[in-house]
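Worksheet for the structure shown next.
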Number of protein chains: 2
Amino acid sequence: MTTEAEYLKNYDASRFPSPLVTVDSVLFTLHQGELCVLLVERASQPQQGRWGLPGGFIDIKRDASTRDTALRKLTEKTGISPSWLEQLDTFSGPERDPRGWSLTVSWFALISWVDCAPHIATVSDAKWLPVRSLAGYELAFDHAAIVQAGLHRLRQKTMYSLLPVYCLPETFTHAQLQEATEIILGQPIQRKSLIRRIEASGMLEETGESVATGARKARLWRRKPGVDIHLFSRNLLAE
Amino acid sequence: MTTEAEYLKNYDASRFPSPLVTVDSVLFTLHQGELCVLLVERASQPQQGRWGLPGGFIDIKRDASTRDTALRKLTEKTGISPSWLEQLDTFSGPERDPRGWSLTVSWFALISWVDCAPHIATVSDAKWLPVRSLAGYELAFDHAAIVQAGLHRLRQKTMYSLLPVYCLPETFTHAQLQEATEIILGQPIQRKSLIRRIEASGMLEETGESVATGARKARLWRRKPGVDIHLFSRNLLAE
DNA sequence: CCAATAGTGTCTATTAGACAGTATGCG
DNA sequence: CGCATACTGTCTAATAGACACTATTGG
């Protein structure tokens with residue numbers, strides 16, 4: 001009989017072959033009417049020179065979870081933290097990375113373009129790619145599939161929540177949220193439906209400010225501090 | 001400059017400290033009016049003797065993905081494959097396993113009780129625990145949190161799909177599906193609403209058989225082969 | 001025929017879609 | 001004052017909830 005203490009004293013984690021573990025993030029933003037995903041150029045082998053998702057290995061000395069790893073890697077690239085971050089899926093198998101059996105924990109993130117554009121613009125190994133241009137790229141590893149999973153999550157969740165607010169600056173108008181939603185869904189939505197949802201959600205509050213848009217001034221809104229995302233029980237665009 | 005081939009030749013995966021990776025599954029079934037989760041008694045350290053989720057290490061020689069690992073471990077315990085299996089979430093951190101920084105990929109699974117009861121009944125280290133009795137158990141590691149995540153997924157998805165069919169035998173009546181749904185949601189639903197959804201989903205077909213229940217015979221239904229799950233655009237019980 | 005369960009008809013409630021109508025601000 | 005854009009009112013459509021009604025089967 002071995003006690004747990006004795007067992008742990010003699011435990012050697014390297015005795016069994018273990019997969020290569022990485023953490024990758026699909027970070028979306030909206031810019032100039034386009035939904036864009038953040039890509040980084042791989043500086044080292046394998047697949048050196050290819051574009052792929054921002055990510056890398058867990059630093060078990062510093063990261064308290066894979067969320068921390070995702071945040072750390074994104075902060076390195078964008079300069080700031082995403083406004084939204086949730087786990088997406090894991091992808092695994094013997095073939096997806098030439099170094100061997102590998103597993104990546106993927107995260108799904110949103111950020112407003114104005115919040116991170118300055119930093120991205122100054123680095124040459126990171127860029128925003130419009131998702132409609134993805135077809136022309138051969139991404140590293142299976143990152144194309146991970147981006148597709150992220151797109152699917154984004155579009156689904158946009159149908160039953162106000163998730164697109166996390167792609168907008170701190171304050172925004174109804175029209176901006178409508179445009180963000182329409183870009184993500186790829187089709188127009190009813191402004192009235194959106195405004196009804198904003199009221200029902202309890203997620204947003206007026207700042208009291210207005211902005212001129214060339215005609216009647218539009219009220220500015222922001223996320224209520226400490227209020228969680230609201231999930232609706234019906235979808236938009238339920239054909 | 002190193003080519004990818006040269007790089008891979010010299011690559012040593014064990015150079016960097018890597019997390020301990022496991023795969024665990026939350027397998028639910030319905031039995032005697034109760035929602036139950038499969039637990040196994042840990043035969044070895046750490047946490048020997050505690051009950052926890054069926055799972056274990058990836059066998060990189062045999063498993064083509066963590067789905068394969070989940071299936072392999074479930075098959076060892078239940079004797080057969082679950083009717084539903086989807087990825088749930090990953091849980092990670094330095095404290096969740098006493099052996100060190102660890103990560104588990106959790107899977108969410110459903111099975112009909114009649115399909116696996118015979119095998120479970122013959123093994124002493126596995127059992128079905130009604131979820132309402134979970135409070136009295138100290139599960140191994142953070143498995144209590146993983147079970148809660150599974151329960152949440154099950155209840156959410158039951159609101160916008162016919163997921164409970166995967167807890168039923170191959171053929172079943174409307175009344176059985178209604179009862180399964182009510183046990184999962186913990187409250188009664190309208191039979192008419194359920195039947196409307198069955199028709200609209202296109203997921204089920206009549207077998208042509210009927211069963212006597214003590215009164216009028218009930219028609220039997222089964223999942224149409226090759227037909228995927230249907231997601232509704234509105235929830236049941238949208239208070 | 002009666003009891004019990006299966007299955008249907010149909011009215012109401014809720015919320016999205018459509019779109020017309022009103023309000024406001026600037027030239 | 002006119003126009004563009006912001007915002008509102010209100011009708012329709014789709015689908016869930018409620019519940020009464022009919023159908024079938026065994027005794």
Side-chain angles (χ1 to χ4, degrees), chain A residues 155-164 168 171-182 185-221 230-239, chain B residues 155-164 168 171-182 185-221 230-239:
Chain A
R155 287 179 176 141
Q156 278 302 120
K157 217 150 178 168
T158 295
M159 303 245 270
Y160 61 84
S161 75
L162 297 179
L163 194 63
L168 297 178
T171 67
F172 50 87
T173 65
H174 285 167
Q176 285 177 284
L177 181 52
Q178 180 178 356
E179 197 204 351
T181 306
E182 291 177 338
L185 295 178
Q187 62 188 285
I189 61 159
Q190 292 283 329
R191 180 176 35 198
K192 187 62 197 260
S193 298
L194 182 64
I195 291 174
R196 277 190 295 232
R197 293 190 136 195
I198 290 172
E199 279 176 20
S201 71
M203 277 181 69
L204 304 184
E205 66 187 9
E206 288 188 61
T207 64
E209 309 276 300
S210 300
V211 286
T213 56
R216 178 174 172 177
K217 285 162 114 183
R219 285 177 286 172
L220 282 173
W221 300 74
H230 182 267
L231 306 182
F232 298 96
S233 64
R234 295 178 59 168
N235 284 1
L236 283 177
L237 306 180
E239 71 277 44
Chain B
R155 287 179 177 142
Q156 277 303 119
K157 218 151 178 168
T158 295
M159 304 246 270
Y160 61 83
S161 74
L162 297 179
L163 194 63
L168 297 177
T171 66
F172 51 87
T173 64
H174 285 167
Q176 284 177 284
L177 181 52
Q178 180 178 358
E179 196 204 351
T181 305
E182 290 176 338
L185 295 179
Q187 62 188 285
I189 61 161
Q190 292 283 329
R191 179 176 39 193
K192 187 62 197 255
S193 298
L194 181 66
I195 291 172
R196 277 189 294 233
R197 292 190 140 198
I198 290 171
E199 279 176 18
S201 72
M203 276 180 70
L204 305 184
E205 65 186 10
E206 289 188 61
T207 64
E209 309 277 300
S210 300
V211 284
T213 57
R216 177 174 172 177
K217 285 162 118 182
R219 286 177 287 172
L220 283 171
W221 300 75
H230 181 268
L231 306 182
F232 298 95
S233 64
R234 295 178 60 166
N235 285 1
L236 282 177
L237 307 181
E239 68 273 54

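Order of the sequence lines sets the chain letters (A, B, ...), proteins ahead of strands, with each chain counted from 1. In this text the structure is predicted, and so the values were computed from the model without any measurement.
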Base [N] to side chain [X], donor-acceptor N/O within 3.5 Å cut-off:
X        : N      : result
A:Arg196 : C:dT15 : no
A:Lys192 : D:dG9  : yes
A:Arg191 : C:dG17 : no

To the nearest 0.5 Å, how far apart are [atom1] in [X] and [atom2] in [Y]?
X        : Y        : atom1 : atom2 : answer
B:Leu162 : B:Leu204 : CG    : CG    : 6.0 Å
A:Glu179 : A:Gln176 : CD    : CD    : 8.0 Å
A:Tyr160 : A:Leu231 : OH    : CG    : 6.5 Å
A:Gln190 : A:Ile195 : CD    : CD1   : 11.0 Å

Could you tell me whether [X] contacts a base, only the sugar-phosphate backbone, or nothing, with contacts defined as non-hydrogen atoms closer than 4.0 Å?
X        : value
B:Arg219 : sugar-phosphate
B:Ile189 : nothing
B:Leu236 : sugar-phosphate
B:Thr213 : sugar-phosphate

Nucleotide N/O of nucleotides 24-27 of chain C paired with protein N/O under 3.5 Å:
from   : atom 1 : to       : atom 2 : distance (Å)
C:dT24 : O4'    : A:Arg216 : NE     : 3.3

message = When you measure from the centre of the six-membered ring of B:Phe232, is the NZ or CZ of B:Arg197 closer than 6.0 Å and no more than 45° off the axis?
response = yes
Using atom [atom1] of [X] as one end and atom [atom2] of [N] as the other, report the distance to the nearest whole Å.
X        : N      : atom1 : atom2 : result
B:Met159 : D:dT15 : CE    : P     : 18 Å
A:Gln187 : C:dA18 : CD    : C1'   : 15 Å
A:His230 : C:dT15 : NE2   : C1'   : 13 Å
B:Gln178 : D:dG17 : CD    : P     : 11 Å
B:Leu194 : C:dT8  : CG    : P     : 12 Å
A:Ile195 : C:dA16 : CD1   : P     : 13 Å
B:Asn235 : C:dA16 : CG    : P     : 12 Å

query = Is there a side-chain contact (heavy atoms from CB on, under 4.5 Å) between A:Ile189 and A:Gln178 once you walk through the steps?
reply = CA-CA 7 Å; A:Ile189 61 159; A:Gln178 180 178 356; 4.1 Å; yes
ask   = How would you list all residue pairs meeting salt bridge (charged side-chain N to carboxylate O under 4.0 Å, His left out) that involve residues 210-220 of chain A, not counting sequence neighbours?
value = A:Glu206-A:Arg219
ask   = Testing A:Thr213, A:Leu220, A:Leu168 for side chain to side chain contact (heavy atoms under 4.5 Å, CB included) with A:Thr173, which one passes?
value = A:Leu220
request  = Considering just the side-chain nitrogens and oxygens of B:His174, establish if one lies under 4.0 Å of OP1 or OP2 belonging to C:dA6.
outcome  = no
query = Is there a side-chain polar atom (N or O) of B:Gln190 under 4.0 Å from OP1 or OP2 of D:dA18?
reply = yes
request  = Taking all heavy atoms of B:Thr207 and all of B:Trp221, pick out the closest pair and write down the distance.
outcome  = CG2-C, 4.0 Å
query = Which atoms form the tightest heavy-atom contact between A:Met159 and A:Leu185, and what is the distance?
reply = CG-CD2, 4.0 Å
Residues in contact with DNA chain C, drawn from residues 197-210 of chain B - heavy-atom cutoff 4.0 Å = none
